[in-house]
Amino acid sequence: MTSATNLTDNDGETVASAVAKRVRQELAGKLPRISQARIAEASGMTQQTLSARMTGKVEFGVEEVTRVCAFADLDLMYVMTGQRMPRQANAGGVFSGKPTQP
């Protein structure tokens, strides 16, 4: 039997809040820093719209968070689930692995 993936940090926060928090955390670790204005423009949003998503006031849509992650080179799987996929190349050069908790 397979258990469901835990999408929050077990402190009762909503999935939307957890996703917003992980986007903020991932962006905070990026060098060079990318401004919210650049991310918003590249993701097809206004800065105010992005800000509302990043603070958790408004939920990210799947396409929105996908565009943000693609532009900022963030780990979409981690942002959405809180799990990281180890990047290990097998003999054929294909990356594989099982999800892990950070």
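Along the sequence shown, residues are numbered consecutively beginning with 1. These numbers come from the heavy atoms of this one structure, side chains and all, not from hydrogens, waters or symmetry mates.
The stretch residues 53-64 participates, sequence neighbours left out, in these salt bridge (Lys or Arg N to Asp or Glu O under 4.0 Å) pairs: R53-E64, E63-R67.
V19 and V62 are assigned to two separate hydrophobic clusters, defined by single-linkage of ILVMFWY side chains at heavy-atom distances under 4.5 Å. No continuous path of ILVMFWY side-chain contacts below 4.5 Å connects V58 to V79, so the two sit in separate hydrophobic clusters.
Under the 3.5 Å distance criterion, the side-chain polar atoms of S17 are left unmatched by any main-chain donor or acceptor of E13. Of the possible donor and acceptor atoms, none in the side chain of K21 sits under 3.5 Å from a partner among the backbone N and O of A16.
Of the inter-residue distances, the one linking I34 atom CD1 with L74 atom CG reads 7.0 Å to the nearest 0.5 angstrom. Separating the CG atom in L76 from the OG1 atom in T66 is a distance of 5.0 Å, to the nearest 0.5 Å.
Closest approach of R84 to D75, counting heavy atoms only: NH1-OD2, 3.8 Å. Closest approach of Y78 to Q25, counting heavy atoms only: OH-OE1, 3.6 Å. In this structure, Q36 and L50 approach most closely via the heavy-atom pair O-CD2, 3.4 Å.
Taking A70 as the reference, nothing meets the side chain to side chain contact (heavy atoms under 4.5 Å, CB included) condition, with sequence neighbours excluded.
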Let me have the donor-acceptor pairs involving side chains of residues 38-48, under 3.5 Å, with sequence neighbours excluded, atom names and distances please.
unit_1: S43; atom_1: OG; unit_2: I39; atom_2: O; d: 2.8
unit_1: T46; atom_1: OG1; unit_2: T49; atom_2: N; d: 3.0
unit_1: T46; atom_1: OG1; unit_2: T49; atom_2: OG1; d: 2.8

